[in-house]
Amino acid sequence: MGDVSEPQETERQPSRVSRRIGAIAESATLAVDSKAKALKAEGAPVIGFGAGEPDFPTPDYVVAAAAAAAGDPVNHRYSPAGGLPELKAAIVDKTARDSGYAVTPGQVLVTNGGKQAVYNTFAALLDPGDEVLLPTPYWTTYPESIRLAGGTPVEVFAGIEQGYQVSVDQLEQARTPHTKVLVFCSPSNPTGAVYPPQAVEDIGRWALEHGIWVVTDEIYEHLLYDDVQAPSMPVLVPELAETCVVLNGVAKTYAMTGWRVGWMVGPTDIVKAATNLQSHATSNVANVSQRAAVAALQGSLEAVAEMRAAFDRRRATITSMLNEIDGVQCPTPQGAFYAYPNVEGLLGREVAGRTPTTSVELAEVILDEAQVALVPGEAFGSQGYLRLSYALGDNDLTEGIERLQKLLA
Ligand code: PMP
């Protein structure tokens, strides 16, 4: 009798967390940042090179616009899921002003930060089995978003010896009949590399020729040094517009990481599909943040010019100080605010009585022994590298790298 009352289906043990979500790794960059912040809160003198955010306040006029918006009852209600018409118009104007790319409001979806634009884009483009060419080192969110959407990331590696820039030949070698999308990010997180205009055009022409979509992330467009340029791919290859999605946001340009406003610009069918998804997932981005973004985009680029001057100075300091360490090779980044040294020369060497053999282990030793937080290259698909954000105060930056020099001497 006891047997009869047993549940019949004993073979199938559904996991508590779904396989799809259980497979997602925690964002390594956010994890390093929160570990550093927690240690700091406990009183440890940690210096953090982990965060991917400007250390400047949001410009006053943006904050004032948000404060005014908070007092206006029109902003206390739901608004169109795809974004406020005023913000879409401001994005259209900004896109024409900054990159010379002419688009219409129907091609714009306002998202909860650039991150949601990444997620929505891959969700709208990919079916199971679709392959996405992913220049590596990559920003840590891309492969997880691609997998969540059912796609398969295909890494195309470009190390220090090729300036962290993939070639058309490499992309061609990685191309299969299942290749649907190429991810392009210049200036790059994590490497700070900026592709020269000719390379942008060559890659765009290659994608067009093979009917491959390009998802191009322009979030660091205004953080360029040494007079380099980072033209928008669909401007250099206008025929690509039908198979190209441009990602952007206010986070890095206006020191607005906490406000959570980004966007995608693409062909209307893809943008419509992504808007439908967003209408069920999150609805409109917070109206106050959207109004703040309107003020930012309609304002001048003076604030980013000031930040750029500070980053430029820190870039020179961090690069030269890192290169003084035996076993570290750090190319001069030309964009964003990251240094991406190769540290293979340090692996297998004794550091404070330990012998790290991977960049993850090295980053752990550095955090424990020098109380300096940085992100190991594994987070970006490349062993033997470290990422250091130089968006921190000049004094902290110098002290942090001095600690590294001492520890690794
Ligand atoms: N793209 C890249 C390359 C980034 O580095 C980031 C932020 N780390 C984003 C997009 C997204 O930024 P947010 O979601 O803060 O707008």
Side-chain angles (χ1 to χ4, degrees), residues 26-34 48-56 58 62 83 87 91 94 108-122 132 134-146 153 164-165 182-195 214-224 230 232-233 245-265 274 278 281-282 285-286 289-290 292-293 296-297 304 307 311 333-340 374-375 379-382 387-392:
E26 179 185 16
S27 162
T29 50
L30 293 186
V32 168
D33 194 43
S34 49
F49 290 85
E53 59 181 349
D55 59 321
F56 291 84
T58 301
V62 175
L87 180 51
I91 291 167
K94 169 255 171 285
V108 178
L109 169 60
V110 178
T111 56
N112 192 60
K115 260 186 190 172
Q116 195 184 17
V118 172
Y119 178 84
N120 286 352
T121 297
F122 290 129
V132 179
L134 186 58
T136 305
Y138 49 70
W139 178 42
T140 186
T141 287
Y142 297 138
E144 301 297 350
S145 283
I146 292 164
Y164 305 124
Q165 295 172 37
L182 163 70
V183 176
F184 189 75
C185 181
S186 172
S188 155
N189 176 5
T191 66
V194 180
Y195 284 76
V214 175
V215 174
T216 174
D217 189 335
E218 300 185 350
I219 204 153
Y220 295 100
E221 66 183 332
H222 290 294
L223 294 174
L224 295 167
S232 184
M233 195 181 281
V245 177
V246 178
L247 308 178
N248 210 327
V250 292
K252 318 286 173 171
T253 301
Y254 303 98
M256 289 178 70
T257 46
W259 297 79
R260 312 309 305 139
V261 181
W263 55 86
M264 58 184 277
V265 173
Q278 182 162 304
T282 54
V285 173
S289 285
Q290 291 198 66
L297 296 181
V304 67
M307 289 199 295
F311 293 150
Q334 292 190 301
F337 40 62
Y338 306 103
Y340 204 69
L374 31 74
V375 189
F380 314 103
S382 63
R387 190 193 78 173
L388 294 90
S389 159
Y390 49 86
L392 77 172

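In this chain, numbering begins with 1 at the start of the sequence shown. As a basis for the values below, the full set of heavy atoms in this structure was taken, side chains included, without hydrogen atoms, waters or symmetry mates. Atoms within each ligand, like the ligands themselves, are counted from 1 in listed order.
In the vicinity of Ala251, heavy-atom distances shorter than 4.0 Å reach the ligand 1 atoms 15 (O), 16 (O). Residue Gly113 approaches ligand 1 through these ligand atoms, each under 4.0 Å from one of its heavy atoms: 14 (O), 16 (O). Each of the following atoms of ligand 1 lies closer than 4.0 Å to a heavy atom of Tyr142: 3 (C). Which parts of ligand 1 touch Asn189 is read off a 4.0 Å heavy-atom cut-off, strictly below it: atoms 3 (C), 4 (C), 5 (O), 8 (N).
Gln278 and Thr111 share no side-chain donor-acceptor pair at under 3.5 Å. No donor-acceptor contact under 3.5 angstrom links the side chains of Tyr138 and Ser188, judged on distance only.
Screening Phe49, Tyr220, Tyr390 against Tyr338 for a ring pair (Phe, Tyr, Trp, His ring centres under 6.0 Å) leaves a single residue, Tyr220.
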Determine, step by step, whether Asn189 and Phe337 satisfy the side-chain contact (heavy atoms from CB on, under 4.5 Å) criterion, reporting the C-alpha distance in whole Å, the side-chain angles of both residues, the deciding distance to 0.1 Å, and the verdict. CA-CA 8 Å; Asn189 176 5; Phe337 40 62; over 6 Å; no
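Residue contacts with ligand 1, taken as heavy atom pairs separated by less than 4.0 Å, involve Cys185 solely via side-chain atoms from C-beta onward. With a 4.0 Å cut-off on non-hydrogen atoms, Lys252 touches ligand 1 through its side chain and not its backbone.
In terms of protein heavy-atom proximity, atom 1 (N) of ligand 1 is closest to Asp217 OD2, 2.6 Å. Closest to atom 12 (O) of ligand 1 among all protein heavy atoms lies Ile219 CD1, 3.7 Å. Looking at atom 14 (O) of ligand 1, its nearest protein heavy atom turns out to be Arg260 NH2, 2.7 Å. The protein heavy atom nearest to atom 9 (C) of ligand 1 is Trp139 CH2, 3.3 Å.
Looking at Pro137 and Tyr340, their side chains come closer than 4.5 Å, going by heavy atoms from C-beta outward.
Formation of a donor-acceptor pair under 3.5 Å by the Arg387 side chain with backbone atoms of Gly50 is found in this model.
The shortest N or O to N or O distance between Lys115 and ligand 1 is under 3.5 Å. Of the N or O atoms in Gly114, one or more lie within a sub-3.5 Å distance of an N or O in ligand 1.
Between Glu218 and Lys252 there is no salt bridge, since none of the side-chain N atoms of the basic residue sits less than 4.0 Å from a carboxylate O of the acidic one.
Ring orientation note: the planes of Tyr142 and Phe122 are nearly perpendicular, at an angle over 60° on the 30°/60° scale.
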